[in-house]
Amino acid sequence: YVIRPSVGSVPNSNARPLARTAGSAAAASLGGSLPLAGAAEAPTEMADEYLEMAKNIARTCVEMYTSQPTGLSPDHASFPSGGNMTLVDRKNIQRPETVESLFYLYRKTGDAGYRDQAWTIFQAMKRTYRAPSGGWQGVHDVSVDPPRGDDKMQSFFLAETLKSVSYTHLTLPTNRE
């Protein structure tokens, strides 16, 4: 996941906007990692920048969910310069990175909006991941509603994805200065 031009862009080490690169679930983990990177030290300009980048990345990740008819994000998308998001890999295999990022941002900022976003994503998961047998499964195409299930529950779905949603709703914000 990366930041869309309409939301803002963050230069990478080559000083080109990330908004022109492809988005993946691994990139979504930055939304949770960046606040942690700035948390070890007293508030600094760099920690503030990390937090703003994390907020923008998380906003883009959430938009990737909410822009699809299923309410689920594709596994891989691209953001052509000046264009809308293009779905590269339309499947969703129950990845945890976005809800984990929302959890960390909620803990860091205390902003209940992150809880609400995690809950909205969970509601889409609950509606679309349910297998006829009563279990959970990923989907083949997030742009088709109702989606066709993939008949696979990833091991990380319970261990990471649902854990992050539940932590976001069962915990209170940390003491922030």
Side-chain angles (χ1 to χ4, degrees), residues 1-12 17-77 79 84-85 87 92-129 136 142 154 156-177:
Y1 303 109
V2 293
I3 300 166
R4 288 187 11 214
S6 63
V7 176
S9 63
V10 180
N12 67 14
L18 285 174
R20 293 190 181 124
T21 64
S24 68
S29 65
L30 288 174
S33 300
L34 289 170
L36 294 175
E41 312 217 3
T44 64
E45 186 176 322
M46 182 172 281
D48 292 343
E49 284 181 41
Y50 283 176
L51 184 58
E52 286 307 308
M53 282 190 265
K55 288 177 181 180
N56 287 332
I57 291 168
R59 184 179 321 131
T60 300
C61 294
V62 169
E63 287 178 10
M64 289 177 69
Y65 276 83
T66 60
S67 68
Q68 298 307 308
T70 57
L72 299 175
S73 174
D75 259 18
H76 192 183
F79 298 88
N84 292 325
M85 176 179 74
L87 305 182
N92 178 294
I93 63 166
Q94 309 164 310
R95 292 188 186 277
E97 289 84 2
T98 297
V99 291
E100 284 177 340
S101 293
L102 294 170
F103 166 70
Y104 288 121
L105 283 166
Y106 172 65
R107 291 284 294 170
K108 178 71 175 174
T109 67
D111 182 344
Y114 295 116
R115 288 177 70 171
D116 296 341
Q117 292 166 346
W119 187 251
T120 299
I121 291 170
F122 172 68
Q123 292 300 315
M125 289 175 176
K126 194 166 78 167
R127 184 177 65 78
T128 56
Y129 286 170
W136 300 81
V142 298
Q154 303 294 330
F156 53 75
F157 177 65
L158 296 175
E160 298 178 55
T161 307
L162 289 184
K163 175 187 74 176
S164 294
V165 172
S166 64
Y167 280 5
T168 303
H169 284 82
L170 298 175
T171 60
L172 298 173
T174 58
N175 185 17
R176 292 166 314 284
E177 295 183 43

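Each residue takes its place number in the sequence, starting with 1. All values derive from a computational prediction rather than experimental measurement.
- Not counting sequence neighbours, the partners of K163 by the side-chain contact (heavy atoms from CB on, under 4.5 Å) test are Y167.
- We find the CD1-NZ distance between I121 and K126 to be 14.5 Å, quoted to the nearest 0.5 Å.
- Taking OH of Y104 as the reference point, atom OG of S164 lies at 7.0 Å (rounded to 0.5 Å).
- Within the 4.5 Å cutoff, the side chain of T128 has no heavy atoms near those of the V142 side chain.
- Residues F103 and V165 form no side-chain contact, since every pair of their non-hydrogen atoms from C-beta on lies 4.5 Å or further apart.
- We find the CD1-OH distance between I57 and Y50 to be 11.5 Å, quoted to the nearest 0.5 Å.
- At least one side-chain heavy atom of L51 sits under 4.5 Å from a side-chain heavy atom of L105.
- Legend: residues meeting side-chain hydrogen bond (donor to acceptor under 3.5 Å, both in side chains) with Y114, ordered by chain and number and at least two apart, are absent.
- The aromatic rings of W136 and F157 lie tilted to each other, with the angle between the two planes from 30° to 60°.
- You'll find the side chain of M85 reaches within 4.5 Å of the side chain of Q68, heavy atoms only.
- The shortest heavy-atom contact between D111 and Y106 is O-CD1, 3.3 Å.
- Here the CD-CG distance, from Q94 to L158, works out to 8.5 Å after rounding to the nearest 0.5 Å.
- Closest approach of G71 to A124, counting heavy atoms only: O-CB, 3.5 Å.
- Side-chain contact between L102 and V62: present, with at least one pair of heavy atoms (C-beta onward) separated by less than 4.5 Å.
- A donor-acceptor pair under 3.5 Å is absent between the side-chain atoms of R95 and the main chain of F156, judged by distance alone.
- For the pair Q154 and T161, the minimum side-chain heavy-atom distance is 4.5 Å or more.
- In this structure, the separation between CE on M53 and CG on N56 is 9.5 Å, given to the nearest 0.5 Å.
- Two residues are said to be in side-chain contact when any heavy atoms from C-beta on lie closer than 4.5 Å; Y129 and N92 meet this criterion.
- Atom CD of Q117 is separated from atom CD of E63 by 9.5 Å, given to the nearest 0.5 angstrom.
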